[in-house]
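Taking it in order: structure first as structure tokens, then the write-up.
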2 protein chains.
Amino acid sequence: MKTNKFITIYNDLKEKIQSNEYAPDHKLPSENELADQYRTSRETTRKALNLLAQNGFIQKIKGKGSIVLDVNKMNFPVSGLVSFKEVARKIGKEVSTHVHELSLDEMDEELQKKLNAKQGEKVWKVVRTREIDGESVILDKDYFLQKTVPSLTKTICENSIYEYIENELNVTISFAKKEITVEETTPEDIELLDIKDHTHIVQVKNYVYLEDANVFQYTESRHRLDKFRFVDFARRTHG
Amino acid sequence: MKTNKFITIYNDLKEKIQSNEYAPDHKLPSENELADQYRTSRETTRKALNLLAQNGFIQKIKGKGSIVLDVNKMNFPVSGLVSFKEVARKIGKEVSTHVHELSLDEMDEELQKKLNAKQGEKVWKVVRTREIDGESVILDKDYFLQKTVPSLTKTICENSIYEYIENELNVTISFAKKEITVEETTPEDIELLDIKDHTHIVQVKNYVYLEDANVFQYTESRHRLDKFRFVDFARRTHG
DNA sequence: AAGTGGTCTAGACCACAGT
DNA sequence: CTGTGGTCTAGACCACTTG
């Protein structure tokens, strides 16, 4: 696997920021200096710096330079495409996953629409609950098009489906859309989750798209109110 | 105001996509063709295309081309830095804002920490409720550092504070962090909002940063459960 | 083999901040 | 004035898709 030059520079600078070699509120070397250091052109250096800026490590200011941001203070985005396992590891809690259902089903009309699929295509349906510190707090229903995920096993579902998809299959995830709303608890929620006296749950609908801009997964996540937390990090972009 | 070449191209292509001149699932002209058409270099064209991709208008696929996405189907991000007025206009509802409090205060310790401010600095505190279709559903508490927002009036608060800040003052907003959690309703919620029988509200903490990477605004938004909806649009980025 | 997007280069001019 | 980041250019090579 050959790595691009600007990715190499990005990773190097990222590590130096995280290890405090470049400390918060201080400035990075200028673009010209960095281009010299890494024996590359300025445009390539700029690509690396723009990535750092996009991911919240630095802030570029015209006429001044690139300022290192306080990574810890920003308390990084648990947003986007991060998998449950990664999040769990991050918060350092005792977690586990229980698979309640794993089946290859026909789709009803609504699901067909959500996945933008044809009549007759089949989907994997996976129902899982997530336990944190011994309490069942998240109910996940995942739907994968069989077209892109030919087979699935219980073992895979108990670990990270994302890892399996990205590493074992040759599929690249491109972007995801999330919709967060609050809904009334259903009998199923009460059955599968350790609901306290709550009348509502937080519902997260997640649409995952591939490189070719087709949806291939739809997930409905139902979170116990008191255990829900979502962080979003929005950068202003041109236009 | 001089516009950059790549922004011009971006806007032109964006309009052509929105007006269906370039239809969903079809391909844009190649980068070389576009570079010819706009009498510019390929790299500049690429900058425009990358912006379109970032904002969800197209999907670039190596070896193939740039495919136009279905803008309507994706139901665009109401996420990030969009102001209440913009969102309101988008959903086309009858909305209004009521200012309950507008004062220049000392900060307590907690707020000082949140705004990363020094002892003795003062903040504008603004308490507003938002009415949609005659019901009071959002309670906003904004805190602005006086250092960056010297003066505020009730009229400004009734309209868009963001518009005032970005247009009248010479301040550029750079990025924002949001934290979404669910909290128990307080007596203040019940007093100022049309709460039904709900025991909880959705709380959105919003930290807004300037170009120099300092926080200048902290907002706590409290939303009635049944009227809350948040859309997030996450693109995969390198690294 | 031809065409596409992805990376990289070396050089140029600009707008802005600090002196 | 100098140095910074922002934009733009013309050309090169690569990896990938498709015929």
Side-chain angles (χ1 to χ4, degrees), chain A residues 1-13 22 26-54 57-69 170-172 174 210-214 235-239, chain B residues 1-13 22 26-54 57-69 170-172 174 210-214 235-239:
Chain A
M1 177 65 184
K2 196 203 161 278
T3 350
N4 297 326
K5 204 174 271 195
F6 77 91
I7 299 280
T8 310
I9 300 174
Y10 166 77
N11 284 326
D12 192 57
L13 291 174
Y22 291 126
H26 289 238
K27 281 194 290 202
L28 245 47
S30 77
E31 297 183 347
N32 283 315
E33 279 180 78
L34 288 171
D36 280 352
Q37 278 181 33
Y38 290 101
R39 297 171 188 287
T40 181
S41 70
R42 196 179 142 219
E43 281 290 3
T44 300
T45 307
R46 281 176 54 70
K47 260 180 147 175
L49 291 179
N50 285 334
L51 247 193
L52 285 171
Q54 240 176 63
F57 290 98
I58 63 170
Q59 184 74 13
K60 305 181 82 180
I61 305 177
K62 193 195 298 202
K64 279 190 171 173
S66 300
I67 298 172
V68 177
L69 299 182
N170 201 12
V171 170
T172 311
S174 153
L210 297 179
E211 260 195 343
D212 60 3
N214 283 321
R235 274 199 123 56
R236 169 142 284 184
T237 155
H238 293 94
Chain B
M1 178 64 184
K2 195 203 164 275
T3 349
N4 296 326
K5 203 173 273 195
F6 77 92
I7 299 281
T8 311
I9 300 174
Y10 166 78
N11 285 327
D12 192 55
L13 292 174
Y22 291 127
H26 288 238
K27 282 195 290 203
L28 247 46
S30 76
E31 297 182 346
N32 282 315
E33 280 180 78
L34 288 171
D36 280 352
Q37 277 181 35
Y38 289 102
R39 298 170 188 288
T40 181
S41 69
R42 198 181 138 217
E43 282 289 1
T44 301
T45 307
R46 281 176 54 71
K47 260 180 147 174
L49 291 179
N50 286 333
L51 247 193
L52 285 170
Q54 238 176 66
F57 291 99
I58 63 171
Q59 186 74 11
K60 305 182 81 181
I61 304 178
K62 191 197 299 201
K64 280 190 172 172
S66 299
I67 298 172
V68 178
L69 299 182
N170 201 13
V171 170
T172 310
S174 154
L210 297 178
E211 262 194 343
D212 60 4
N214 284 320
R235 273 200 126 55
R236 168 143 285 184
T237 156
H238 292 93

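In what follows, chains are A, B, ... by sequence order, proteins preceding strands, each numbered from 1. Computed over heavy atoms, backbone and side chain alike; hydrogens, waters and symmetry mates excluded.
- Listed candidates were C:dC8, D:dC8, C:dG6. Nearest to the side chain of B:K62 is C:dG6.
- The two residues A:T45 and A:A35 have their closest heavy-atom pair at OG1-CA, 3.3 Å.
- In this structure, A:R46 reaches the D:dG6 phosphate: one of its side-chain N or O atoms is under 4.0 Å from OP1 or OP2.
- In this structure, the nucleotide among D:dT4, D:dG5, C:dG5 sitting nearest to the side chain of B:E31 is C:dG5.
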Residue pair B:K27, B:V68: steps toward the side chain to side chain contact (heavy atoms under 4.5 Å, CB included) verdict: CA-CA 6 Å; B:K27 282 195 290 203; B:V68 178; over 6 Å; no

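- The shortest non-hydrogen separation linking B:R39 to B:K5 is O-NZ, 4.1 Å.
- Between B:S30 and C:dT4, a side-chain N or O to OP1/OP2 separation shorter than 4.0 Å is present.
- The distance from atom CG of B:N32 to atom C1' of D:dA12 is 13 Å, rounded to the nearest whole Å.
- Nearest approach of A:T40 to A:T44, heavy atoms of both residues: OG1-CB, 3.4 Å.
- Salt-bridge annotation for B:K60 and B:E31: present, with a side-chain N of the basic residue lying under 4.0 Å from a carboxylate O of the acidic one.
- Here C:dC13 presents its C1' atom at 11 Å from CZ of A:R42, a figure rounded to the nearest Å.
- For A:K47 and C:dC8, the NZ to C1' distance is 7 Å, given to the nearest whole Å.
- When the C1' atom of D:dG6 is taken as reference, atom CD1 of A:I58 falls 14 Å away, rounded to whole Å.
- Phosphate proximity of C:dT9 to A:T44: present, with a side-chain N or O under 4.0 Å from OP1 or OP2.
- If you find the closest nucleotide of DNA chain C to B:N50 and to A:E43, the one lying nearer the 5' end belongs to B:N50.
- Taking only side-chain nitrogens and oxygens, B:K64 never comes nearer than 4.0 Å to OP1 or OP2 of C:dG3.
- Rounded to a whole Å, the NZ atom of B:K5 is 13 Å from the C1' atom of C:dC14.
- Between A:R39 atom CZ and C:dT7 atom P there is a gap of 23 Å when expressed in whole angstrom units.
- As a whole-Å value, the separation of B:Y10 OH from D:dT7 C1' is 18 Å.
- Between D:dC8 and B:T40, no contact under 4.0 Å exists linking OP1 or OP2 to a side-chain N or O.
- Look at CG on A:L34: it is 14 Å from C1' on D:dG3, rounded to the nearest Å.
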